[in-house]
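Note that this is a predicted model, so its numbers are computed, not measured.
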Amino acid sequence: MKKCIAAAAMIFVAGTGSASATDLWDESALNKVLQRGELQVCVEAGYMPFDMRNKKGDIVGFDVDIAKSMAKAMDVKLDLRNTAWDGIIPALLTGKCDMIISGMTITPERNLKVNFTDPYIVVGQTILLNPALKDDVKSYKDLNDEKYRVTTKLGATSDYATKKYMSKAKLNLYETESEAALEVINGNADAFVYDLPYNAIYASQNMGKVLHLDQSFTYEPLGMAVRKGDPDFLNFLNNYIAQIKGDGSYDKFYKKWFVNDAWLKAVQ
C-alpha cells in the first residue's frame with residue numbers, strides 16, 4: 001500500500017511539474033512574440049548612441065541594431081515603441097511592449113520591479129588620453145601619479161571617480177565636459193575622465209587628437225528588462241547576448257556606434 005501511495009505521489013508531482021512548465025511557456029512573452037510574429041521593444045529615443053532619431057525620423061542606435069538582429073534571429077518583425085523614460089518600466093509591466101532595450105542601468109530598485117538580463121555593456125567611466133602617452137598609460141591605474149594632469153566635469157560621477165582612483169594626479173574641474181575634454185586637445189591636460197558614451201562620440205569626432213581608453217574602470221552595467229515570472233524569455237535573451245558576443249556581431253555593432261563616426265552625419 002505504501003508503495004502504491006508513493007508511486008501515485010510521484011505521478012502527481014511529475015504531472016504538476018509538467019503542467020506548470022506548460023503554463024509558464026504559454027504565458028511567456030517569448031511565446032507570444034513567436035505567435036504574434038512581432039517583437040515589441042520599448043526604447044527612449046534620446047540617449048546617444050544607444051537610441052536616437054536620425055534626420056529621417058527613424059530610431060537608430062546601438063540598442064536598435066541589437067534589437068534588429070534579435071528579431072531576425074526569431075524570424076519576426078521588430079516594432080520599436082518610443083516611450084518617455086519615466087513611463088518605460090510601467091509600459092513594460094502593463095504589456096505595452098515585450099521588453100526594454102534602452103541603455104537602462106541595472107539597479108536594485110529597478111530589479112525589484114523587472115528582471116534584467118546579464119549586462120550587455122558596461123558604461124562606466126573611461127579615459128580620453130593625449131596620444132603622446134599611448135605607450136606610458138594603458139589604464140586608469142597608470143594615471144594615478146602626480147606627474148599627470150587630469151580633467152573632468154565638476155560634480156559629475158567622474159569627479160568622484162577620479163578623486164577615488166587617481167588621487168595622486170593633479171585634478172582640474174570644469175563646468176562642462178566639453179571644456180574639460182578640450183584641455184587634452186589643447187595640450188593643457190594629459191587625460192579627461194567621463195562616461196563611456198560621451199567619450200566614444202568625442203573620440204570619433206576628434207580622431208588623432210585623443211586616444212580613447214574604452215575599458216570602463218567603474219561599474220555601471222546596462223541590461224535588457226523583461227517582466228518577472230518569465231524564465232524562458234530571460235534564458236533566450238541571456239543566451240542571445242552570449243551568442244552575438246561570441247560570433248562577432250556584437251563587435252561589429254560596437255565599432256559602428258562607439259568607434260566610428262560615420263553615423264553622426266545622419267543624426268546631426
Q) Is the backbone of D261 close enough, under 3.5 Å, to the side chain of S204 for a donor and an acceptor to pair up by distance? A) no
(Q) Strictly distance-based, threshold 3.5 Å: is any side-chain N or O of N199 a donor or acceptor partner for the main-chain N or O of T126? (A) yes
Q.
If you compare all heavy atoms of A225 against all heavy atoms of V114, which two are closest, and at what distance to 0.1 Å?
A. CB-CG2, 3.9 Å
Q) With no hydrogens and no angle check, do the side chains of E44 and N82 hold a donor and an acceptor under 3.5 Å apart? A) no
Q: Decide yes or no on side-chain hydrogen bond (donor to acceptor under 3.5 Å, both in side chains) for S139 and Q215, but give the supporting numbers first.
A: CA-CA 8 Å; S139 77; Q215 293 300 307; over 6 Å; no
Q: Let me know which of D142, V210, V137 forms a side chain to side chain contact (heavy atoms under 4.5 Å, CB included) with L129.
A: V137
(Q) Checking the side chain of T162 only, and the main-chain atoms of S158 only, is there a donor and an acceptor separated by less than 3.5 Å? (A) yes
Q) At their closest point, which heavy atom of S216 faces which heavy atom of G124, and how far apart are they? A) OG-N, 3.2 Å
Q. Can you list every pair that meets disulfide (SG to SG under 2.5 Å) and has a residue in residues 106-206, with sequence neighbours left out?
A. none
Q. Taking atom types as modelled, is there a side-chain donor on Y254 or D214 under 3.5 Å from an acceptor on the other?
A. yes
Q. Quick check: are there more than 12 heavy atoms from other residues, nucleotides or ligands sitting under 6.0 Å from CG of D75?
A. no
Q. Is E177 close to F192 at the side-chain level, that is, under 4.5 Å between some pair of heavy atoms?
A. yes
(Q) Can you give me the closest heavy-atom contact between F258 and P197, atom names plus distance? (A) CE2-CA, 4.2 Å
Q. Are any side-chain N or O atoms of N206 and backbone N or O atoms of Y202, one a donor and one an acceptor, separated by less than 3.5 Å?
A. yes
**Q.** Heavy atoms from other residues, nucleotides or ligands near NZ of K134 exceed 12 (cutoff 6.0 Å)
**A.** no
Q) Got I106 and Y219 here, is their nearest side-chain heavy-atom distance under 4.5 Å? A) no
Q. Quick one: does C97's side chain get under 4.5 Å of T83's, heavy atoms only?
A. no
Q: Check whether more than 12 heavy atoms from other residues, nucleotides or ligands sit under 6.0 Å from atom NZ of K228, and answer yes or no.
A: yes
Q. What are the two closest heavy atoms between T151 and A181, and how far apart are they?
A. OG1-N, 4.4 Å
Q. Taking only residues two or more places apart in sequence, or in another chain, which ones meet T117 in a side-chain contact (heavy atoms from CB on, under 4.5 Å)?
A. M224, L234, L237, N238, I241
Q) Any side-chain heavy atom of M99 within less than 4.5 Å of one from L39? A) yes
Q | Pair K77 + D79, salt bridge at N-O below 4.0 Å | A | no
Q: With sequence neighbours left out, write down each residue that passes side-chain contact (heavy atoms from CB on, under 4.5 Å) with D251, or none if nothing qualifies.
A: none
Q.
Measuring only between side-chain heavy atoms, which start at C-beta, is E220 closer than 4.5 Å to T157?
A. no
Side-chain donor-acceptor contacts of residues 165-175 below 3.5 Å, not counting sequence neighbours, with atom names and distances?
residue, atom, partner, partner atom, Å
K170, NZ, E146, O, 2.4
Y174, OH, E183, OE1, 3.0

Q. Please walk me through it: do F62 and I101 pass side-chain contact (heavy atoms from CB on, under 4.5 Å)?
A. CA-CA 10 Å; F62 179 67; I101 314 179; over 6 Å; no
(Q) Run I89 and M104 through side-chain contact (heavy atoms from CB on, under 4.5 Å) and show every step you take. (A) CA-CA 10 Å; I89 287 181; M104 180 172 282; 3.9 Å; yes
Q. Going by heavy atoms in the side chains, are V193 and F217 under 4.5 Å from each other?
A. yes
Q) Should E179 and K153 count as an ion pair when the cut-off is N to O under 4.0 Å? A) no
Q. Any side-chain heavy-atom pair from T152 and Y160 closer than 4.5 angstrom?
A. no
Q. With a 4.5 Å limit on heavy-atom distance, are the side chains of F116 and R110 in contact?
A. yes
Q: Report yes or no: does N54 contribute a side-chain atom to a donor-acceptor pair with the main-chain N or O of K56 at less than 3.5 Å?
A: yes
Q | Residue pair F236, M70: steps toward the side-chain contact (heavy atoms from CB on, under 4.5 Å) verdict | A | CA-CA 10 Å; F236 172 84; M70 185 186 300; 4.1 Å; yes
Q: Could you list the residues that satisfy side-chain contact (heavy atoms from CB on, under 4.5 Å) with K72, not counting sequence neighbours?
A: none
Q) What pair of heavy atoms forms the shortest contact from A191 to L143, and how long is it? A) CB-CD1, 3.6 Å
Q. Quick one: does N115's side chain have a donor or acceptor within less than 3.5 Å of a partner on D230's backbone?
A. no
**Q.** Residues forming a side-chain contact (heavy atoms from CB on, under 4.5 Å) with L222, sequence neighbours excluded
**A.** F50, T105, Y120, I121, V123
Q: Apply side-chain contact (heavy atoms from CB on, under 4.5 Å) to the pair D232 and N31, showing each step before the final yes or no.
A: CA-CA 9 Å; D232 289 305; N31 183 32; over 6 Å; no
